[in-house]
Structures are given as structure tokens and as C-alpha cells.
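Only one structure is covered here, and it is reproduced in the block below.
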Amino acid sequence: MSGTPLVDDCGRGRTLVIDFSSPNIAKPFSMGHLRSTSIGNALSRIYAALGWKVVRINHLGDWGTQFGKLICAFRLWGERERLEKEDIAYLMELYIRFNDAAKADPALDDAARAAFKELEDGGAEARELWQVFRDASLREFERIYGILDVSFDSFAGESFYNDKVDGAVRTIMDAGLASTSEGALVVEMDEGSKEPPCMIRKSDGATTYAARDLAALFYRQKEYAFDRLLYVVGAPQSLHFRQVFTVLRKLGLAWHERCQHIPFGQVLLEGEMMSTRRGNVIFLEDVIKEAESRALEKMLANAVSDDESGSEDSAPSVDISQATDEQRARARILAVSSIIFFDLKNGRIKDVDFSWDEILNPHGETGIYLQYAHARIHGIMRKFEDRTGLSIDEIRRTTPVITEDASWPIFDAISLLPDKAAYAAENNEPPVIARWLLDLASAFSTYYRANKVINEDNPALSRERMAVVLSVREALAQGLQLLGIRPLDRM
RNA sequence: GCACCAGUAGCUCAGCUGGAUAGAGCAACAGCCUUCUAAGCUGUGGGUCACAGGUUCGAGUCCUGUCUGGUGCGCCA
């Protein structure tokens, strides 16, 4: 723990259930998946800091016709050894191959639907394949979540609700809300509303996305008795959530008001939606690797120009393979910081066009800038006691005496955090914290340039400035953590 | 066709719920490393806040309409 909490625990005693990340199984983690993950993770941390009890749910897309496709593809071309060795990459290959083949031969789609029906009916072989696919995918996701420092309390995905859907449908029918339309079971929206009805059972009797979400809602309300339920899901699904929440309201369930869809804009590639199937997709790990090697390069170059006091204007050539494990670990955290921050610095609802140049840019309003400010304070701390003979701990424990005008803008910036955190939670907008961090880091950077903290001749000044800088460090660390970013002590 | 979302500097965006001369970053240009990390700091140029009305003492912010763009619209999830 880093000292006293900087935000009020106004959410004490309340429970938040937050559904985020929720990737579809059998596809590698793409930049498209990152948004829900980073926004959801940041919101989880912000609410938790405000005292809420937070239940993080990864509603895995581990059910549906797509598994019929995978099962079919595996029966046609599958090799166990490759699956075990290549995990998710192999699954994706099969998935793409199947989709291509189905374009030429539509009968394959029927076979896929049949295979999914087998799965739903509990066919042993289909079930076994599904389990293998799911396990392989989950292993891969857990690895990525480890890199991102994201965790979940539950991975109960769509398959988990398979045996709960009938109950949910029955509840809706018993309430007299369901009607039959073109052979399917639907709930009509409000009188006079132009919204299409919510379909809860297909004409062939199969369950729908909406029915599974309703089953999940009933289950979560019973299991967690939440005060708020957030769905961090892309904006294109707005209609779906309006329909589902309307069904809750029509059932007379007062808690429908506690459920909220938190939409966000899509990550586009050259103006188009990313699609694993079409192959125009950027994988998260490729971005992390590129950012990491650039960070390492800079890190090693800095170390070189540090040793040779000569002016090394043109970047010295460095050999990344010489990096220590410790340097690699730092570079990775820095890479992840810049990617997460890039995702969180702007309003949720905006679409973002993916650009290597922008996401890898080390200058300006970036995660790197924030980490740099934090690391520089640690740099001062490492030298302070030897040079001044003063104790950091002692300064930390003492109420600072403020005499310099330059100190005030810093404390003013810091003092905004509680309001920002409350506002960020109320509006479910992590970027509010991101913008506050940039303001604080910018104020600090200016201060840092103009006010040397270590001053051997003036202990009183050293004390005051150290107190200022320690407060900045704590606030930066706290803000970064609210966004799910691990602060670095050294760069 | 209907619904939802958006439109602020060349580009990417803030603008915390109506308050004074609209702010950052990137890009461009000009400066700053013998002193705590230059992944930084300082400065310059750049805006009819899509358009038109309305409410108000006051509108980038609220209302109406128009235009432009994005997304979605029962048997995918």
C-alpha cells in the first residue's frame, strides 16, 4: 500500500458486477479485444478504490454456431499434435479455412449448425472437442491477462448458462410476455416503439444470444445481489442491451435500472472493422513486442550515453540481445503501459483507427510520459538522502511547510483526484483519470525543470521540495494503478 | 426507411453537466543538457467549436431542424 488512500470510499457496502473483456474463444487476442479489457479493468479498479465490492466477470464467448464450425473443421482436417503444439493459432487457421470452404460449399454451414446441435444435445465427441478448444483458448487468454495484469473472479461464459436458458425462457413465458412470430419466440418492445422485438428462441428451438444474456442476468442478480451491473461491450451492441433491459423492465424487475451498457467505439484498421476471418487484424502481442523492443533500445542507448560522457546525439547502436532480464521486464511494463494508456486517454465512444506510429510514439500524451515523471521522482529519491543527509521517511511523516509559490499548482493538481475518481465512476469514463494524470505529470515536469529538489546548502528548501515531489509520486502511482498500469521506479 | 452515436486547430483529441480572452499533444519552426533521467522543458504560428434557428444576462456545452460520417435493425454472437 502506498500511504493513505487518495479517494473517498463513498461506494462502501455496494457491489458492482462488471462484465468485460469477454473474448470469443479460438481467436487470438487482438487490438479489438483490448478496449473492453482495458476500460473494464480500469473501471473495476476505480470502483474498488471508491470502496465498492467488485466482481469481475469474463463472459467468454464459448458457445454458439462458431463451435459447430470448429468441430466440423477439426473433423475434416484436424491434427491433434498441431492443436497441442500451436494452440489457438491452429484453431484460428482451421476457423479461417472452414469459412473459406463454406463460401464455396454452403452445405458446410448446415453441417456446422448440426455439429453445434450435437454439442447442445450433449454429444460426447463434440463435447470433448469443445472442451479441448476451450482449454487451449483459456490458456492463451490467461497468458495475455498475465502480461496485462488483469484478473477475473469468474470465467462463466455463455456455455455456463446453457442449462439455465430454458428456465429463463419459461420465466418470460409465464409472465405472458412472449409471442410467436415467424415460428420464433419473441418479446415485443413497448407500444409505439419502433425497436424490433427481442428474440428469445429461434424457430428451430435453438437458444439465442438474448436468451443466454437474460439467463445470465437472472443468475447474477441471484448470485451477487449487485447494486450495479456494467456491460463493457462495443457500441454496435447497444440495441441488444436495450432490448434485454426492456425485457427485464416488462417483467417488473425493479433492478433493471441497475444494469447499464457501457459502450465503446471500435478499433479500426484503415477505416475498416478488424476481422480475424478476413485476416485484417492486429494482434495485441505483436504490438506489445514492437513497443517492448523499442523501449529496450532506448533504455540501452541511455545507458551507453550515460557511461560515455561524450555527446551522443545520433542514437548509439545497441544490441538488444544484451539486455538483462530486469531490463526486459521493465521494457515490457513500459510497453504495456503505453498501449493501455493509448486506449484509455480518449473518450470511450470514439472509434480509433489503429496506427503503429501513434501507438508507438514515445512523446507527448503517452503512458511513457507518465512513467517517466514517476521514474524521475524515484531517481531523486535514490540520491536524496546521501546528498542532503535528510530522511525521506521523516519528511513523509511530517506535514510540509509550504513557502514557495511553485508548490501550489502541484498540490492543486493533486487535490483534484477524489473528484475525478468519483466523476470517472459516475460516468464510467476512465479517460477522466488519464487526463488528470497528464495534467499532473505536466505540472510536475515544469516544476522539476525549474526547482532542484536536492540542495545541499539549503535543507529547508530540500525538505519542502521533497515533500512536494513525494506527493506527486504517490498521486501518480495511485492514478496509474487506477488505470491498471504498474508504475515504474526506473526507466 | 427506422433507431443509436458522433462532428472543436493540418492530424488525434480535452473541454467534469451554461460562466469571462476555447485548451493539450502530434506535425512545423526557434531555443534549452559541466548540477536530481533531454522518453524532458520553454517559446512561435495555427480555430466562424459542421450549418441554421431557438432558450438564456450568458451556449462548444441545453432544445429544434438540416447536412456529413459511423453503427445497428428476429433465426451470428
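Note that the coordinates shown come from a computational prediction; the quantities given were computed from them, not determined experimentally. The sequence lines fix the lettering, A, B, ..., with proteins before strands; numbering per chain opens at 1.
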(request) Quick one: label A:Gly265 by what it contacts on the DNA or RNA (base, sugar-phosphate, nothing), any heavy atom closer than 4.0 Å. (result) nothing
(request) Taking the six-membered ring for Trp and the single ring otherwise, decide whether the centroids of A:Tyr161 and A:His59 are under 6.0 Å apart. (result) yes
(request) Can you figure out which of B:rA3, B:rC36, B:rG40 approaches the side chain of A:Tyr372 most closely? (result) B:rG40
(request) Sugar-phosphate atoms are those with a prime plus P, OP1 and OP2; base atoms are the rest. Using that split, label each nucleotide of nucleotides 69-77 of chain B B, S or - for protein heavy atoms under 4.0 Å, 5' to 3'. (result) -SSSSBBSB
(message) For RNA chain B, which residues of residues 378-385 of chain A approach it to below 4.0 angstrom with any heavy atom?
(response) A:Gly379, A:Ile380, A:Arg382, A:Lys383
(message) Check the orientation of A:Trp356 and A:Phe354. Use parallel for under 30°, tilted for 30 to 60°, and perpendicular for over 60°.
(response) perpendicular
(message) Distance check, C1' atoms only: B:rC41 and B:rG47, in whole angstrom units.
(response) 26 Å
(request) Indicate syn or anti for B:rG74, taking the glycosidic torsion and treating anything within 90° of 0 as syn. (result) syn
Strictly under 3.5 Å: I want the nitrogen or oxygen pairs between protein and nucleotides 26-31 of chain B, one per line.
none

(message) Centre-to-centre under 6.0 Å for A:Phe67 and A:Phe133, is that the case here?
(response) no
(request) Would you kindly give the CD1-to-P distance between A:Ile392 and B:rC36, to the nearest whole Å? (result) 16 Å
(request) Provide the distance between the two P atoms, one in B:rG65 and one in B:rA3, to the nearest whole Å. (result) 10 Å
(message) Centroid separation under 6.0 Å, is that true for the rings of A:Phe152 and A:Phe20?
(response) yes
(request) Could you tell me whether A:Arg396 and A:Asp393 make a salt bridge, using a distance below 4.0 angstrom between a side-chain N and a carboxylate O? (result) yes
(message) Strictly below 4.0 Å, N to O, side chains only: are A:Arg249 and A:Asp190 in salt-bridge contact?
(response) yes
(request) Looking only at side-chain atoms of A:Ala375, point me to the closest of B:rU37, B:rC36, B:rG40. (result) B:rU37
(request) Can you tell me the distance, in whole Å, between the CE atom of A:Met299 and the C1' atom of B:rA39? (result) 10 Å
(request) Could you work out which one of B:rC4, B:rC36, B:rC41 sits closest to the side chain of A:Arg242? (result) B:rC4
(request) For nucleotides B:rG60 and B:rU8, find the distance between their P atoms and express it as a whole number of Å. (result) 15 Å
(request) To the nearest Å, give me how far apart NZ (A:Lys452) and P (B:rC36) are. (result) 6 Å
(message) Can you tell me whether the base of B:rC33 sits syn or anti, using the 90° cut around 0 to define syn?
(response) syn
(request) Under a 3.5 Å limit for both distances, which nucleotide forms a Watson-Crick or G-U wobble pair with B:rU42, could you say? (result) B:rA30
(message) Does A:Asp213 reach a base, just sugar-phosphate, or nothing at all? Heavy atoms under 4.0 Å.
(response) nothing
(message) Under 4.0 Å, heavy atoms only, any strand: does A:Ile349 hit a base, just the sugar-phosphate, or nothing?
(response) sugar-phosphate
(message) Which nucleotide wins on minimum distance to the side chain of A:Arg435, given the candidates B:rA6, B:rU37, B:rC13?
(response) B:rC13
(request) Could you note down all residue pairs passing ring-ring contact (aromatic ring centres under 6.0 Å, His included) where residues 177-201 of chain A supplies at least one of them, sequence neighbours left out? (result) none
(request) Could you tell me the separation between the OH atom of A:Tyr448 and the P atom of B:rU42, rounded to a whole number of Å? (result) 14 Å
(message) Under the rule for ring-ring contact (aromatic ring centres under 6.0 Å, His included), what residues qualify as partners of A:Phe341, not counting sequence neighbours?
(response) none
(request) Measure up the A:Tyr231 and A:Phe245 rings against each other and bin them: parallel (under 30°), tilted (30 to 60°), perpendicular (over 60°). (result) tilted
(message) Would you measure the distance from the P atom in B:rA39 across to the matching atom in B:rG70 and give it in whole Å?
(response) 41 Å
(message) Ring centroids only, cut at 6.0 angstrom: are A:Trp63 and A:Phe160 within range, meaning strictly under it?
(response) no
(request) Would you mind reading off the distance between A:Lys194 atom NZ and B:rC2 atom C1', rounded to a whole angstrom? (result) 7 Å
(request) Please state whether the phosphate of B:rC36, meaning OP1 or OP2, lies under 4.0 angstrom from any side-chain nitrogen or oxygen of A:Arg465. (result) no
(message) Quick check on RNA chain B: between A:Val352 and A:Val453, whose nearest nucleotide comes earlier from the 5' end?
(response) A:Val352
(request) Send over the distance from A:Arg449 CZ to B:rA39 P, rounded to a whole Å. (result) 10 Å
(message) For residues 340-355 of chain A, which residue pairs pass the side chain to side chain donor-acceptor pair (under 3.5 Å) check, not counting sequence neighbours?
(response) A:Arg35-A:Asp343, A:Ser38-A:Asp343, A:Asn346-A:Arg435
(request) Answer yes if the ring centres of A:Tyr209 and A:His240 are under 6.0 angstrom apart, and no otherwise. (result) yes
(request) Grab the CZ-P distance between A:Phe444 and B:rA39 for me, whole Å please. (result) 14 Å
(message) What is the distance, to the nearest angstrom, from the CD atom on A:Glu456 to the P atom on B:rC36?
(response) 11 Å
(request) Would you mind telling me which of B:rU17, B:rC13, B:rC36 lies closest to the side-chain atoms of A:Lys350? (result) B:rC13
(request) Among A:Asp166, A:Thr208, A:Thr207, find the residue that satisfies the side chain to side chain donor-acceptor pair (under 3.5 Å) test when tested with A:Arg201. (result) A:Asp166
